[in-house]
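Scroll down for the structure; my scribbles are underneath it.
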2 protein chains.
Amino acid sequence: MAETGSDTTKRKPSRIQQKNRKRVLEAALEVFSQHGYRGSTLDQIADTAGLSKPNILYYFSGKEEIHVTLLNRLMETWLDPLAHLDPSGDPMEELLAYTRRKLEMSRTYPRESRLFANEILQGAPRIAPHLESGLKPLVDEKCDLIQQWVDAGRIAAVNPRHLIMSIWSTTQHYADFEAQVRVLEPETDASWRAAGAHLETMFRKLLQP
Amino acid sequence: MAETGSDTTKRKPSRIQQKNRKRVLEAALEVFSQHGYRGSTLDQIADTAGLSKPNILYYFSGKEEIHVTLLNRLMETWLDPLAHLDPSGDPMEELLAYTRRKLEMSRTYPRESRLFANEILQGAPRIAPHLESGLKPLVDEKCDLIQQWVDAGRIAAVNPRHLIMSIWSTTQHYADFEAQVRVLEPETDASWRAAGAHLETMFRKLLQP
DNA sequence: TCGTGAGTTTACCAAATGGTAAAAAAGCAA
DNA sequence: TTGCTTTTTTACCATTTGGTAAACTCACGA
């Protein structure tokens, strides 16, 4: 049986396979993050990747597999900052550091942020299982941690779930709504700096016991 | 010249025209807000509206006109709460009331919120002019107002632009990322109540002089 | 009731799109 | 070089999609 590059059986990935799969995923990220799943075409991805459409389908079984692959890889990166919330650290500093990391990710990986936003906006049809199995347990765990900090009086009384959602929404806003932000504040560098200062102030005041 | 229902010349809209144009727009809102512009099809809109595709094209010149019409109508509704920020009111109460109105709109009109989010996510290709001509002047004006409140010491020192963006992002999050919110907190009613309380606390603390 | 224009349907079409078959080319071990 | 596998290209295809032409139906005033 000729291996088509899928994952039914495992073989050595071959240097050229790794390289081209990477090119496809990079191009797909560019395209999907801008137009959403249904708004993106294999031709666009092929053009962006500098490969032919059938060539792309030699590496991936179809459009959906490319999209799902991207989302799966993304989830790890995306949850990483929250996973690093340290129970043994200083609560205030941990949460502010988390906010900083999240904002930094929005600046560094805006396409990833938009890819995720697109998927959630459309009801998370292809990533719902991962939300249940990956995101939810982690959030539950960290909510417990934050609640302990609250109970111990080390930070002000807040709803942990909604605190986390506030951090997500405010930080991701700068990536997901970039087109709008740019209209209101065209100086990109200054905008990011002001955003960082603003969020630092806001969450510090919120959490001050 | 037979009027096709477009707007090249003005005639009396005829009761049935008004009714059916409304049906189309209602259906288009449902579809566009879920799949984005390119992900939505005229057939979907036609099915949802209970009309045939050519019938829809009797009332609108094409897919794009429907979308643009929706976005234009939306802009007014969307900016309305901000426009009502009253210079003569109490600063803290005005801003908290604005936040409440915004959250209420996310709950009442989630589809409109998602339609807007979709458009911005994709770089605002069809609404960019309106952002410049409609949103920007209003935001600039209200930023001046907030800055005056800050200068007068009536609220804490904040960056007005980023305050507004914080209010937008946190309130709209509950509509735009509903699929994710539901995973973390399945009890919808409780979620909205907790959101209201959380945002009230957060912005009150932020703005307390 | 008849005519006229508004509204609706049926039958299409050209382009775009996801995907496939198979031949051709490029690597590569012997 | 030879023979085999991996990779890439060329030529397609079926379906979907936005849109149109023209026939048809319906409401309603004269």
Side-chain angles (χ1 to χ4, degrees), chain A residues 1-25 27-28 30-32 34-70 125-126, chain B residues 1-28 30-32 34-70 122 125-126:
Chain A
M1 178 197 282
E3 263 301 280
T4 59
S6 308
D7 51 352
T8 45
T9 58
K10 301 173 196 171
R11 284 285 159 84
K12 42 189 173 181
S14 118
R15 230 158 295 104
I16 188 164
Q17 277 228 11
Q18 280 189 314
K19 189 192 67 175
N20 277 358
R21 278 181 69 97
K22 210 171 225 170
R23 279 175 70 181
V24 173
L25 289 174
E30 183 72 27
V31 175
F32 279 138
Q34 203 167 102
H35 305 291
Y37 179 74
R38 297 186 59 183
S40 303
T41 72
L42 285 177
D43 287 295
Q44 283 176 287
I45 297 173
D47 284 353
T48 307
L51 297 172
S52 69
K53 183 169 62 177
N55 202 178
I56 280 184
L57 292 169
Y58 172 73
Y59 291 105
F60 292 88
S61 68
K63 187 183 175 183
E64 182 149 0
E65 200 209 320
I66 302 176
H67 194 241
V68 170
T69 302
L70 274 179
R126 270 167 283 274
Chain B
M1 178 194 283
E3 263 302 278
T4 59
S6 310
D7 52 353
T8 44
T9 59
K10 303 172 199 171
R11 284 285 159 83
K12 43 187 172 182
S14 119
R15 230 158 295 106
I16 188 164
Q17 278 228 10
Q18 279 189 313
K19 190 193 65 176
N20 278 357
R21 278 181 69 97
K22 212 172 226 169
R23 279 175 69 180
V24 173
L25 290 174
E26 158 65 25
E30 183 73 26
V31 176
F32 280 138
Q34 203 168 102
H35 305 290
Y37 180 73
R38 296 186 59 182
S40 303
T41 73
L42 285 177
D43 287 295
Q44 283 176 286
I45 297 173
D47 284 352
T48 307
L51 297 172
S52 67
K53 184 169 63 176
N55 202 178
I56 280 185
L57 292 169
Y58 173 73
Y59 291 104
F60 292 88
S61 67
K63 186 182 175 183
E64 181 149 1
E65 201 208 321
I66 302 177
H67 195 243
V68 169
T69 303
L70 273 179
Q122 286 162 27
R126 272 168 282 275

Give me, pair by pair, the N or O atoms of the protein and of nucleotides 23-26 of chain D that are less than 3.5 Å apart, along with how far apart they are.
none

Worksheet entry | Spacing of Ile45(A) atom CD1 and Ile66(A) atom CD1 [to the nearest 0.5 Å] | 5.0 Å

Worksheet item: In whole angstroms, how far is the C1' atom of dG18(C) from the OH atom of Tyr59(A)?
Response: 20 Å

Worksheet item: Does some side-chain heavy atom of Arg38(B) sit less than 4.5 Å from a side-chain heavy atom of Arg38(A)?
Response: no

Response to the item:
Across all chains, not counting sequence neighbours, the side chain to side chain donor-acceptor pair (under 3.5 Å) partners of Arg23(B) are none

Fill in: Any residue meeting ring-ring contact (aromatic ring centres under 6.0 Å, His included) with His35(A), in chain and number order, not counting sequence neighbours
none

Response to the item:
Applying side chain to side chain donor-acceptor pair (under 3.5 Å) to Gln34(A) and not counting sequence neighbours gives none

Fill in: Value in whole Å for how far the C1' atom of dT8(C) lies from CZ of Arg23(B)
12 Å

Fill in: Nucleotide dT20(C), atom C1' - distance to CG of Asn55(A) in whole Å
14 Å

Worksheet item: CD1 of Ile56(B) versus C1' of dT9(C): gap in Å, rounded?
Response: 14 Å

Worksheet, complete the sentence: So, with a heavy-atom separation below 4.0 Å from DNA chain C, the residues of residues 42-54 of chain B are Ser52(B), Pro54(B)

Response to the item:
Rounded to whole Å, CZ of Phe60(B) lies from P of dG7(C) at a distance of 13 Å

Fill in: Length of the NZ-C1' vector between Lys63(B) and dA16(C), whole Å
12 Å

Discussion item. Checking Ser52(B) now: which residues fulfil side chain to side chain contact (heavy atoms under 4.5 Å, CB included) with it, not counting sequence neighbours?
Written reply: Pro54(B), Asn55(B)

Practice prompt. Calculate the interatomic distance between Tyr58(B) atom OH and dG5(C) atom P; express it in whole Å.
Written response: 12 Å

Item to complete: Mind calculating the distance between NE2 (His35(A)) and C1' (dT17(C)) to the nearest angstrom?
Response: 15 Å

Item to complete: Check the pair Glu65(A) / Ser61(A) against side-chain hydrogen bond (donor to acceptor under 3.5 Å, both in side chains), numbers first and verdict last.
Response: CA-CA 6 Å; Glu65(A) 200 209 320; Ser61(A) 68; 2.8 Å; yes

